[in-house]
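To keep things clear, I will list the structure first and then write my remarks on it.
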2 protein chains.
Amino acid sequence: MKRSIPTKRTTIYDLAELAGTSASAVSAVLSGNWKKRRISVQLAEKITRLAEEQGYALNMQASVLRRERSKIIGMIVPKYDNRYFGSIVEQFEAMARERGLFPIITCTRRDPALEIEAARAMLSYQVDCLIATGATDPDRIADICSAAGVRAVNLDLPGSRVPSVISDNFAGALELTRRVLANCEREFGEKAPLLFVGGRGTDHNTAERVRGFRAAHAETGVAVDETLVLTCGYAPEKAENAMRAMAEKVGTLPRGMFVNSTISLEGVMRWIRRSGHYADRMPHLGCFDWDPFVAMLGDHIEMVRQDVPKMLDAVFEIIDSGASDLKVIQIPPIVEQTG
Amino acid sequence: MKRSIPTKRTTIYDLAELAGTSASAVSAVLSGNWKKRRISVQLAEKITRLAEEQGYALNMQASVLRRERSKIIGMIVPKYDNRYFGSIVEQFEAMARERGLFPIITCTRRDPALEIEAARAMLSYQVDCLIATGATDPDRIADICSAAGVRAVNLDLPGSRVPSVISDNFAGALELTRRVLANCEREFGEKAPLLFVGGRGTDHNTAERVRGFRAAHAETGVAVDETLVLTCGYAPEKAENAMRAMAEKVGTLPRGMFVNSTISLEGVMRWIRRSGHYADRMPHLGCFDWDPFVAMLGDHIEMVRQDVPKMLDAVFEIIDSGASDLKVIQIPPIVEQTG
DNA sequence: CTGAAAGCGCTTACAG
DNA sequence: CTGAAAGCGCTTACAG
């Protein structure tokens, strides 16, 4: 890969020469802090005009190298394949720009090694701050950042080294489970436990959601068997396989389900279609996470929509304020019925 | 926002001092090209070990500033809210990393002003190359890049200044329309024109898809009225409004539809539910773009899945080869039936 | 008030 | 073969 035209780019020295002044003056004018320097308005205008004519663009590598802070903010994110992370990334970018920060984002595909590599790369690019979203090992990332004197914040999954902003997974799961239980009872006239599918048993969010799931059952006096909690991973295939395995073992599956993420739901729906298991009557579904098409999939699908704007507000508040106490901020998600 | 610990980061000079050698030697060892310098293996190992111990990280801002090429590659993308752009971004990142390039991505929300601003920002960060994905004004971006001597490639939407990689929209739309027409004829026993909803009449892809839509109708001898082509924009609300307006004006809508993107489909499905217009029988749907949940929405939804891996292969081939002839490479999409 | 000069942390051509 | 030195394009403390 080579530059097509090896153009020598215009620098502040070129501009200084053209304007008959110094590079310092040009820098001051173009960076906007020239009032302090009492540069004449006409010189300022001349420089601005020349910069435009010459197509001058600040070399950020040089600028950042010289400055105290880079004003670059990094984020790592697991995937771009669902609405939740998509909106996190999109809103993060917008909020960063609003604050005059340059966002750089890397998708790490839930791969621990890639996460570390990406974090190191961002530190090499001198990020002022790094947001670890849904990281498999947030504390490792926090340590790496800390060694470089860079602030870090966890998003979506909490860590123990730096502040975290996450959804209130317990409350969301509790309400979601209540609703699905109620929907089932209304339709089938009996209280029966739901199936929990998807996520990693070891991650904090899944653990909290399972806790909410169990609490809702306990409230209504329904026992939850161990075998009803399939924390098989997020990937569609994993959810699909877990359903198949369970059906083979148990025979009949519950008439209501808590699916832990739209990603897993993809596999669940595929299995339902292919197996024909629910051919007579579709199960009542609750899904942690939101997707507009999932909302159209059935008549009584309940979904938990995580409150991304509030979560990012909290993240930037931590960043802006410089707070670094080890708090975990839990943002209530929104549970909505659709259909 | 401030760094929590104003740590002075380790530089090659620190390492040189610790190792009792020069910064040049450290640089040569750490950048991997030290065989040419005949540095002793043991010195190399010592330096490597020290770097590790000290948590040394290369300052890319300094490195890039000094080097000929930055090895940074930029991409602008309209949105992160659908599978198509999501997979483009995810695969682009992976392919860039494979080639030792550092990807930076900005989402411009189909906003022409933001696109230009983002392109300029990327040039300031010294990208070697910029990929304009689905840009509203690709030629403007190409001009800005060209002025800075930076290569550009268009993706998804073509431009006239630099090479473009796009889907074969005509062929995809032709096949999609044929299938939906056939599905309708099979179920309703009569040939009738479909409705086209979504996209911008002015953009190349939509124009090509409309052309394919018309061609498929022409093949089978069905006339397409002007009023049946609603290129109302991509946003769900726009599609929803266009449907409502048409229903109010015409009364009865066609029993088959070509929906131009999953984004627009969201609005179409919403209108269908709310209006109850198709309460007796769902229309046959074809959707340009693919989404796993859309596939589950009905029994005969046809979808066009754009071939992202092939498209990105073509993009990187252009970049790697340094080709800059103004070709437009059209990648055949995959039309798949689901349900 | 304003410009010359130092220096950010690297890479690499060049002198020894 | 190897290190000292120049220089990438900025920003800013400092001398005039």
Side-chain angles (χ1 to χ4, degrees), chain A residues 3 6-44 46-47 51 54-72 102 123-126 128 148-149, chain B residues 3 6-44 46-47 51 54-72 102 123-126 128 148-149:
Chain A
R3 295 234 174 91
T7 328
K8 191 75 189 61
R9 270 131 114 155
T10 309
T11 70
I12 53 172
Y13 286 92
D14 302 327
L15 257 27
E17 194 169 341
L18 288 168
T21 181
S22 71
S24 320
V26 174
S27 173
V29 168
L30 296 181
S31 64
N33 52 345
W34 55 284
K35 308 109 221 173
K36 330 178 190 174
R37 290 192 139 251
R38 305 258 292 131
I39 289 168
S40 73
V41 181
Q42 73 194 46
L43 178 55
K46 187 177 183 184
I47 290 172
Q54 302 294 314
Y56 172 79
L58 177 64
N59 182 326
M60 287 305 279
Q61 311 290 349
S63 178
V64 166
L65 176 60
R66 194 62 188 71
R67 273 169 0 205
E68 186 73 5
R69 284 168 30 214
S70 69
K71 299 201 170 189
I72 302 176
F102 186 78
L123 293 179
S124 266
Y125 280 95
Q126 310 299 112
D128 282 336
Chain B
R3 294 233 175 94
T7 329
K8 191 76 189 62
R9 271 132 114 155
T10 308
T11 71
I12 53 171
Y13 287 92
D14 302 327
L15 258 26
E17 195 169 341
L18 288 169
T21 181
S22 69
S24 320
V26 174
S27 172
V29 169
L30 296 181
S31 64
N33 51 343
W34 55 285
K35 307 110 222 172
K36 331 177 189 170
R37 288 191 140 250
R38 305 257 293 128
I39 290 168
S40 74
V41 180
Q42 71 193 49
L43 177 56
K46 186 177 184 184
I47 290 173
Q54 302 294 315
Y56 171 79
L58 177 65
N59 182 326
M60 287 305 280
Q61 310 290 347
S63 178
V64 166
L65 177 60
R66 194 60 187 73
R67 274 170 359 207
E68 187 72 6
R69 284 167 31 214
S70 68
K71 299 201 170 188
I72 301 175
F102 187 77
L123 293 179
S124 266
Y125 281 94
Q126 310 299 111
D128 282 335

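Worth saying up front: this structure is predicted, and the values here are computed from it rather than measured. In what follows, chains carry the letters A, B, and so on, assigned in the order in which the sequence lines appear, proteins first and then strands, with residues in each chain numbered from 1. Note: hydrogens, waters and symmetry copies are ignored here, and every other heavy atom, side chains too, is used.
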Under-3.5 Å donor-acceptor pair between B/Tyr13 side chain and C/dC10 base: yes

Atom pair distance, as rounded to whole Å: NZ in B/Lys71 and P in C/dT11: 11 Å

Partner set under side-chain contact (heavy atoms from CB on, under 4.5 Å) for A/Gln54, not counting sequence neighbours: A/Thr10, A/Leu15, A/Leu18

Integer angstrom distance from the P of C/dG16 to that of D/dG7: 16 Å

Gap between atoms CG and C1', on B/Leu65 and D/dG7 respectively (whole Å): 9 Å

Watson-Crick and G-U pairing of DNA chain C, under 3.5 Å, as dot-bracket with | and [ ]: |||.||||||||.|||

Value in whole Å for how far the P atom of D/dG9 lies from CG of A/Asp14: 9 Å

Between protein and nucleotides 12-16 of chain D, what N or O pairs are separated by less than 3.5 Å?
from, atom 1, to, atom 2, distance (Å)
D/dA13, N6, A/Arg37, NH2, 3.1

A/Val26 side chain reached by A/Tyr56 side chain, heavy atoms, under 4.5 Å: no

Heavy-atom side-chain contact between B/Leu58 and B/Leu30 under 4.5 Å: no

Spacing of B/Met60 atom CE relative to C/dG9 atom C1', expressed in whole Å: 12 Å

For atom CD1 of B/Ile12 and atom C1' of D/dA5, their distance in whole Å: 13 Å

Phosphate contact (D/dG3 OP1 or OP2) by B/Thr21 side-chain N/O below 4.0 Å: yes

